[in-house]
Amino acid sequence: MTDINHWVNLLVDLISLISLIGGLFFLFVGTVGLLRLPDVFTRLHATTKCDTLGAGLVLLSLALQSAPAVGIRLALIVVFIIVTNPTAAHVIARAAYQTGNRPIIGRRSPDD
Amino acid sequence: MSVAQILQFSYNLGAILVMLMIFLSLVRALKGPTAPDRVAAINIIGTKTVVIITLIARIYEQTYFLDVAMVYALMSFITTVGVAKYLEKGALD
């Protein structure tokens, strides 16, 4: 019986570790997109999805390691991030479009 | 070295890495050609700060930090919406 518990704990730890590494990877990809892409709309496109998924995976990794009461609070934070992050990106994109920014069509200039 | 110890070390390392990513995002907030670039960078910094607060809650075993993280996410969202509305209309009404 304790043997099964040992293996289950090991499996949960491994899933948690993989989820943490994946979350950090997606957060890093979002940061690279924010730095490298040419205009506001592509930057929002990169960062919103990558950061939502990255934060969700890191918080999933923490929720697997904690007590159920703490896990519910972490799940609430994840649901809140999933609802608000695309909303914020939409509001920013609409403000950018209304104030005269337009997406870059075609190739970007090499000195940008 | 067991998996649980590796996981504990990874949480510490992950908090440091997220902090470095916040500094990288701050480059865009300082440099960004237009105002919406800066607002987007600040929004991303807010999300990463929520992640770092929850990681610190796990590292120091203080569960009430999670409430801090939730309130921080709420304030970050309201700030972003407010600044975006201000950019769009030129006034907050």
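Protein chains get the first letters and strands the later ones, always in sequence-line order, with residue 1 at the start of each. Heavy-atom basis, side chains included; hydrogens, waters and symmetry copies ignored.
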Residue selection (most heavy-atom pairs with chain B, distance under 4.5 Å) from [options]:
options	result
A:Ile21, A:Leu10, A:Leu59	A:Leu59
A:Ile81, A:Leu62, A:Leu17	A:Leu62
A:Leu76, A:Val32, A:Leu44, A:Leu20	A:Leu20

Heavy-atom contact with chain A under 4.5 Å, split by part of B:Leu17: side chain

B:Ile22, part contacting chain A, at a heavy-atom distance under 4.5 Å: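 No part of B:Ile22 comes within 4.5 Å of chain A.
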
Tell me, which pairs form a salt bridge (Lys or Arg N to Asp or Glu O under 4.0 Å) where one or both residues lie in residues 3-19 of chain B, sequence neighbours left out?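 Listed by first then second residue: nothing to list.
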
Residue pairs meeting salt bridge (Lys or Arg N to Asp or Glu O under 4.0 Å), one or both in residues 1-12 of chain B, sequence neighbours left out, come to none

To the nearest 0.5 angstrom, please state how far the CD1 atom of B:Ile6 sits from the CG atom of A:Leu14.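 Here the interatomic distance stands at 8.5 Å.
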
Tell me whether [X] shares a hydrophobic cluster with [Y], the cluster being built from Ile, Leu, Val, Met, Phe, Trp, Tyr side chains joined at under 4.5 Å.
X	Y	value
A:Leu57	B:Val3	no
A:Ile18	B:Phe9	no
A:Ile72	B:Val68	no
B:Met19	B:Ile44	no
B:Phe65	B:Met75	no

With B:Leu74, which residues qualify under side chain to side chain contact (heavy atoms under 4.5 Å, CB included), at least two apart? A:Phe80, B:Ile78

Are there donor-acceptor atom pairs under 3.5 Å between chain A and chain B, and if so which?
from, atom 1, to, atom 2, distance (Å)
A:Ser16, OG, B:Tyr11, OH, 3.2
A:Thr31, OG1, B:Lys48, NZ, 3.3
A:Leu34, O, B:Arg28, NE, 3.0
A:Leu35, O, B:Arg28, NH2, 2.7
A:Arg43, NH1, B:Asp37, OD1, 2.6
A:Arg43, NH1, B:Asp37, OD2, 3.0
A:Asp51, OD1, B:Lys48, NZ, 3.4
A:Asp51, OD2, B:Lys48, NZ, 3.2
A:Ser61, O, B:Tyr11, OH, 3.2
A:Ser61, OG, B:Tyr11, OH, 3.0
A:Arg73, NH1, B:Thr63, O, 3.4
A:Arg73, NH1, B:Asp67, OD1, 3.2
A:Arg73, NH1, B:Asp67, OD2, 3.3

Give the member of B:Val50, B:Val18, B:Val39, B:Leu55 that has the highest number of heavy-atom pairs under 4.5 Å with chain A.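 When all of B:Val50, B:Val18, B:Val39, B:Leu55 are compared, B:Leu55 has the most.
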
For chain A, which of B:Val27, B:Leu24, B:Leu7, B:Leu20 has the most heavy-atom pairs under 4.5 Å?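 With the most close heavy-atom pairs to chain A, the winner is B:Leu7.
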
Closest approach of B:Ala84 to A:Val91 (non-hydrogen atoms, all atoms of both residues): CB-CG1, 3.3 Å

Report which part of A:Val58 has an atom under 4.5 Å of a heavy atom belonging to chain B: side chain, backbone, both, or neither. side chain

Does any backbone or side-chain atom of A:Leu24 lie under 4.5 Å from a heavy atom of chain B? Answer side chain, backbone, both or neither.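 Its backbone and side chain both get close to chain B.
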
